[in-house]
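The figures that follow rest on heavy atoms only: side chains count, while hydrogens, waters and symmetry mates do not.
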Amino acid sequence: MSGPAAGTADAATTTDVVCLGESMVTFLPSQPGRLADVPSFGRGIGGAESNVACALAAAGHRAAWVGRVGADGFGDHLVETIASYGVDTSAVRRDPVRPTGIYFRTATDRGTDTHEVAYYRAGSAASAMSPSNVPYEELFAGRILHLSGITAALSADCLALLRDLTAARPGRPSVSFDVNHRPHLWRGGDADASVLLELARRCDLVFVGEDEAEEAWGIVGAEAIRAALPEPSVVVVKRGSAGATVFASGLRPGPRSSNAGGAESADTVTHVPALRVDVVAAVGAGDAFAAGFLSATLRGLPVRERVRHGHLMAAAVLTVPGDLTDPPARDHADRLAALDDDAWGRLRLGPGWTAADRAPEEVRTP
């Protein structure tokens, strides 16, 4: 059964995090250069929410991905690949008419002027998601429901779905929301950017980049971002190479009957510097950071360790060419996250750092 009243999260919950969103087949270039010049591409998968689900499952959590794909070979590849990470894909729906989305990208950093992405997702199966055709009982079956602003940009029906899922109601799990502002997906300028602010304010845990908050909302600085988002229990402001700042009034994964309606108590503010990383490809790091933070949240770790696990999960992805990779072993990551501030500041992680379960002092340092 689908519909807003279906499903609750309770003590019998078997899923830690449910992620909803579009996943696409991505074609990765065989060499650097313009799309016009690249002779061949390798096939992979990409999608903010499915990336988070895959990373969480690889880290030992019970994760599910809910989406909509075409009844085609690309849809088969997506579902099979995501499931291979240990993600529950049983609630994925197949669209008999609309295709699975695909995209091509260059090898350069997304933040550079030379980066190119060619999307073929207009009219995709995922863009047809709506409150009437997604399985609410599966969406509400986890301790946390993870969403992103990308879904809201896909279509009017997708926006209606996100508004419905973030509405306060009995049985709604804690909602995690990654703003993920993608200007090329929106066509309404400031009005569309304001939609992301509206959605974020209805959630319990929000991830937002300092740069995207300025671009989308004209808001500068972590404190100003928190002031614009007073309702969420936890706001994680990602500050690039400067690290991340977390404003927290408490987050307990589990059922919530309503939004916080404002901070219940004074915020604790935690800043954690970023790691130094020898970057191979800066794609998928934000999704990995969210997965690391959510993983540590589910484990009840202190805020500082939640952010450090986010940084470590991001470092794992930054040191490989694609969007996904195996995270460090849990005890390895725990030891690194527990380092004192000086030792944390000396860490420098490069390709292959997750392959061996080494002691902290053996991790590459300058």
Item to check | Residue from Leu294, Ile144, Val175, Val235 passing side-chain contact (heavy atoms from CB on, under 4.5 Å) with Leu205 | outcome: Leu294
Checklist entry - Do Leu147 and Val206 belong to the same hydrophobic cluster, where Ile, Leu, Val, Met, Phe, Trp and Tyr are linked whenever their side-chain heavy atoms lie under 4.5 Å apart, directly or via other members? => result yes
Next on the checklist: Please report the interatomic distance CG(Leu154) to CZ(Arg121), rounded to the nearest 0.5 Å.
Outcome noted: 5.5 Å
Checklist entry - ring-ring contact (aromatic ring centres under 6.0 Å, His included) between His311 and Phe289: does it pass, once the steps are laid out? => result CA-CA 6 Å; His311 285 322; Phe289 179 92; 5.4 Å; yes
Checklist entry - What is the minimum heavy-atom distance between Asp178 and Ala290, and which atoms define it? => result OD2-CB, 4.4 Å
Checklist entry - Atom CG of Asp16 and atom NE2 of His61: how far apart are they, to the nearest 0.5 Å? => result 6.5 Å
Checklist entry - Just by modelled atom types, is the Leu78 backbone N or O under 3.5 Å from a matching donor or acceptor in the Thr81 side chain? => result no
Checklist entry - Quick one: do the Ser295 and His309 side chains pair a donor with an acceptor below 3.5 Å? => result no
Checklist entry - Between the side chain of Asp287 and the main-chain N/O of Glu49, is any donor-acceptor distance below 3.5 Å? => result no
Checklist entry - Is there side-chain contact between Val69 and Asp95, with heavy atoms separated by less than 4.5 Å? => result no
Checklist outcome for this item: Nearest heavy-atom contact between Glu210 and Ala222 is OE2-N, 3.5 Å
Next on the checklist: Determine whether the aromatic ring centres of residues Phe293 and Phe207 are separated by less than 6.0 angstrom.
Outcome noted: yes
Item to check | Stepwise side-chain contact (heavy atoms from CB on, under 4.5 Å) test for Leu298 and Val17 | outcome: CA-CA 9 Å; Leu298 288 161; Val17 180; 3.7 Å; yes
Checklist entry - Just by modelled atom types, is the Gly209 backbone N or O under 3.5 Å from a matching donor or acceptor in the Glu212 side chain? => result yes
Checklist entry - Are the side chains of Arg143 and Thr15 in touch, meaning some heavy atoms are under 4.5 Å apart? => result no
Item to check | Closest contact, heavy atoms only, Thr14 versus Arg62 | outcome: O-CD, 3.0 Å
Next on the checklist: Leu159 and side-chain contact (heavy atoms from CB on, under 4.5 Å): which single residue from Leu199, Asp192, Asp164 fits?
Outcome noted: Leu199
Next on the checklist: Is it the case that the side chain of Arg330 and the backbone of Ala59 share a donor-acceptor pair, with hydrogens and angles ignored and the cut-off at 3.5 Å?
Outcome noted: yes
Item to check | Donor-acceptor pair between Ser50 and Ser23 side chains, under 3.5 angstrom | outcome: yes
Item to check | Minimum side-chain heavy-atom gap Ser124-Arg98 below 4.5 Å | outcome: no
Checklist entry - Is it true that Leu165 and Leu196 fall in one hydrophobic cluster, defined by side-chain heavy atoms closer than 4.5 Å? => result yes
Checklist entry - Are Glu198 and Arg163 ion-paired here, with the side-chain N under 4.0 Å from a carboxylate O? => result yes
Checklist entry - Does the side-chain contact (heavy atoms from CB on, under 4.5 Å) test come out yes or no for His77 and Arg43, once each step is laid out? => result CA-CA 10 Å; His77 176 66; Arg43 185 180 64 176; 3.3 Å; yes
Checklist entry - How many angstroms lie between NE2 in His146 and SG in Cys203, if you round to the nearest 0.5 Å? => result 10.0 Å
Item to check | side-chain hydrogen bond (donor to acceptor under 3.5 Å, both in side chains) assessment of Thr106 paired with Glu116 | outcome: CA-CA 5 Å; Thr106 53; Glu116 298 174 71; 5.3 Å; no
Checklist entry - Are Val38 and Phe104 in one and the same hydrophobic cluster, where Ile, Leu, Val, Met, Phe, Trp and Tyr link if side-chain heavy atoms are under 4.5 Å apart? => result yes
Checklist entry - Yes or no on side-chain contact (heavy atoms from CB on, under 4.5 Å) for Asp72 and Asp76, after CA distance, side-chain angles and deciding distance? => result CA-CA 6 Å; Asp72 49 35; Asp76 293 341; over 6 Å; no
Checklist entry - Is there a donor-acceptor pair closer than 3.5 Å between any side-chain N or O of Arg306 and the backbone N or O of Leu301? => result yes
Item to check | Test item: Trp217 and Val179 side chains (from C-beta on) under 4.5 Å apart, heavy atoms | outcome: yes
Checklist entry - Is Asp204 salt-bridged to Arg172, cutoff N-O under 4.0 Å? => result yes
Next on the checklist: With a 4.5 Å cut-off on side-chain heavy atoms, are Val307 and Val246 touching?
Outcome noted: yes
Checklist entry - Which atoms form the tightest heavy-atom contact between Pro173 and Leu145, and what is the distance? => result CG-CB, 4.0 Å
Next on the checklist: For the aromatic rings, using the six-membered ring if either is Trp, is the centroid distance between Tyr103 and Tyr120 under 6.0 Å?
Outcome noted: no
Checklist entry - So, the side chain of Thr268 versus the backbone of Ala248: is there a donor-acceptor pair under 3.5 Å, distance only? => result yes
Checklist outcome for this item: All heavy atoms of Ala91 vs all of Glu138, minimum pair found to be CB-CG, 3.7 Å
Next on the checklist: Given 3.5 Å as the limit, does a donor-acceptor pair link the side chain of Ser30 with the main chain of Ser40, or not?
Outcome noted: yes
Checklist entry - Is any side-chain heavy atom of Val234 closer than 4.5 Å to a side-chain heavy atom of Phe247? => result no
Next on the checklist: Working to the nearest 0.5 angstrom, can you tell me the gap between Glu22 CD and Met129 CE?
Outcome noted: 7.0 Å
Checklist entry - Should Val134 and Leu139 count as side-chain neighbours, where that means a heavy-atom distance under 4.5 Å? => result yes
Item to check | Linked, directly or transitively: Leu318 and Val236 (ILVMFWY side chains, under 4.5 Å) | outcome: yes
Checklist entry - What distance separates Leu275 CG from Trp353 CH2, expressed to the nearest 0.5 Å? => result 7.5 Å
Checklist entry - In terms of hydrophobic clustering (I, L, V, M, F, W, Y; side-chain heavy atoms under 4.5 Å; direct or indirect links), are Ile45 and Leu20 co-clustered? => result no
Checklist entry - When rounded to the nearest 0.5 angstrom, what distance separates SG in Cys19 from CH2 in Trp65? => result 10.5 Å
Checklist entry - Do you know the tightest heavy-atom contact between Ala48 and Ser148? => result CB-OG, 4.5 Å
Checklist entry - Can any side-chain N or O of Asp88 pair as donor or acceptor with the backbone N or O of Ser90 at less than 3.5 Å? => result yes
Item to check | Ring centres under 6.0 angstrom apart (His184, Tyr119) | outcome: yes
Checklist entry - Is the backbone of Leu339 close enough, under 3.5 Å, to the side chain of Arg308 for a donor and an acceptor to pair up by distance? => result yes
Next on the checklist: Working note: Ser155 + Asp157, criterion side-chain hydrogen bond (donor to acceptor under 3.5 Å, both in side chains); need CA distance, chi angles, decisive distance, verdict.
Outcome noted: CA-CA 5 Å; Ser155 68; Asp157 282 342; 5.3 Å; no
Checklist entry - Passes side-chain contact (heavy atoms from CB on, under 4.5 Å), Leu229 versus Arg201? Steps please. => result CA-CA 6 Å; Leu229 296 169; Arg201 293 183 65 176; 3.6 Å; yes
Checklist entry - Within the distance-only criterion (no hydrogens, no angle test), does the side chain of Thr270 pair as donor or acceptor with the backbone N or O of Val303 below 3.5 angstrom? => result no
Item to check | Ion pair check, Arg346 and Asp340, cut-off under 4.0 Å | outcome: no
